[in-house]
Peer 1: 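Questions regarding the structure given below will be posed in turn.
It should be emphasised that the depicted structure is a prediction, and the values quoted were computed from it without experimental measurement.
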Amino acid sequence: MVFLLAATYVVATLSGARGIPAVLARQKQIQRLEDRNAQLAREIERKRDHILRLQNDASEQELEIRDRYKLVHPGDTVFITGQPDKK
């Protein structure tokens, strides 16, 4: 009788709200968060490298400024590609 009660308690505990399904769900959540952290770390490193290039290279700075603000030097030829806006 004691064995049957102990077995019932174990089954109820392992399959309950804090049992094996909860542990597996937490492990999946941890894995997703670790993957996201790794992705963010790669993005931070890529941006850090970009900032270093901008700090150390004047031509890289000029390209960034020209691209961001759509600036051109006098005499430059600009080609606009793509579909024109329909109004």
Peer 1: Checking Q55 against H50: is there a side-chain donor and acceptor pair closer than 3.5 Å?
Peer 2: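 Side chains of H50 and Q55: no pair found under 3.5 Å.
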Peer 1: Hydrogens and angles aside, do Q31 and D35 bring a side-chain donor and acceptor to less than 3.5 Å of each other?
Peer 2: yes
Peer 1: Side chains of E62 and H73, heavy atoms from C-beta outward: is any pair under 4.5 Å?
Peer 2: yes
Peer 1: Tell me, do L40 and E45 make a side-chain contact under 4.5 Å, heavy atoms counted?
Peer 2: no
Peer 1: Once rounded to the nearest 0.5 Å, what's the spacing between atom CD of E34 and atom CG of N37?
Peer 2: 7.5 Å
Peer 1: Do the side chain of E60 and the main chain of L54 share a donor and acceptor less than 3.5 angstrom apart?
Peer 2: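 Flag not set: sc E60 to bb L54 has no pair under 3.5 Å.
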Peer 1: When clusters are formed by joining ILVMFWY residues with side-chain heavy atoms under 4.5 Å apart, either directly or through shared neighbours, do V72 and F79 land in the same one?
Peer 2: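 Different clusters.
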Peer 1: What is the distance from atom CD1 of I44 to atom CD of Q39, rounded to the nearest 0.5 Å?
Peer 2: 11.0 Å
Peer 1: Given 3.5 Å as the limit, does a donor-acceptor pair link the side chain of D67 with the main chain of E64, or not?
Peer 2: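 Answer holds: no.
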Peer 1: Can you tell me how far the CD1 atom of I51 sits from the CG atom of N56, to the nearest 0.5 Å?
Peer 2: 11.5 Å
Peer 1: Just checking, any donor-acceptor pair under 3.5 angstrom between side chains of Q29 and R26?
Peer 2: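 Per modelled atom types, Q29 and R26 side chains form a pair under 3.5 Å.
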Peer 1: How long is the straight-line distance from NZ of K70 back to CD1 of I65, given to the nearest 0.5 Å?
Peer 2: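 Answer rounded to 0.5 Å: 13.5 Å.
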Peer 1: How long is the straight-line distance from CG of L52 back to CG of D57, given to the nearest 0.5 Å?
Peer 2: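 It comes to 12.0 Å.
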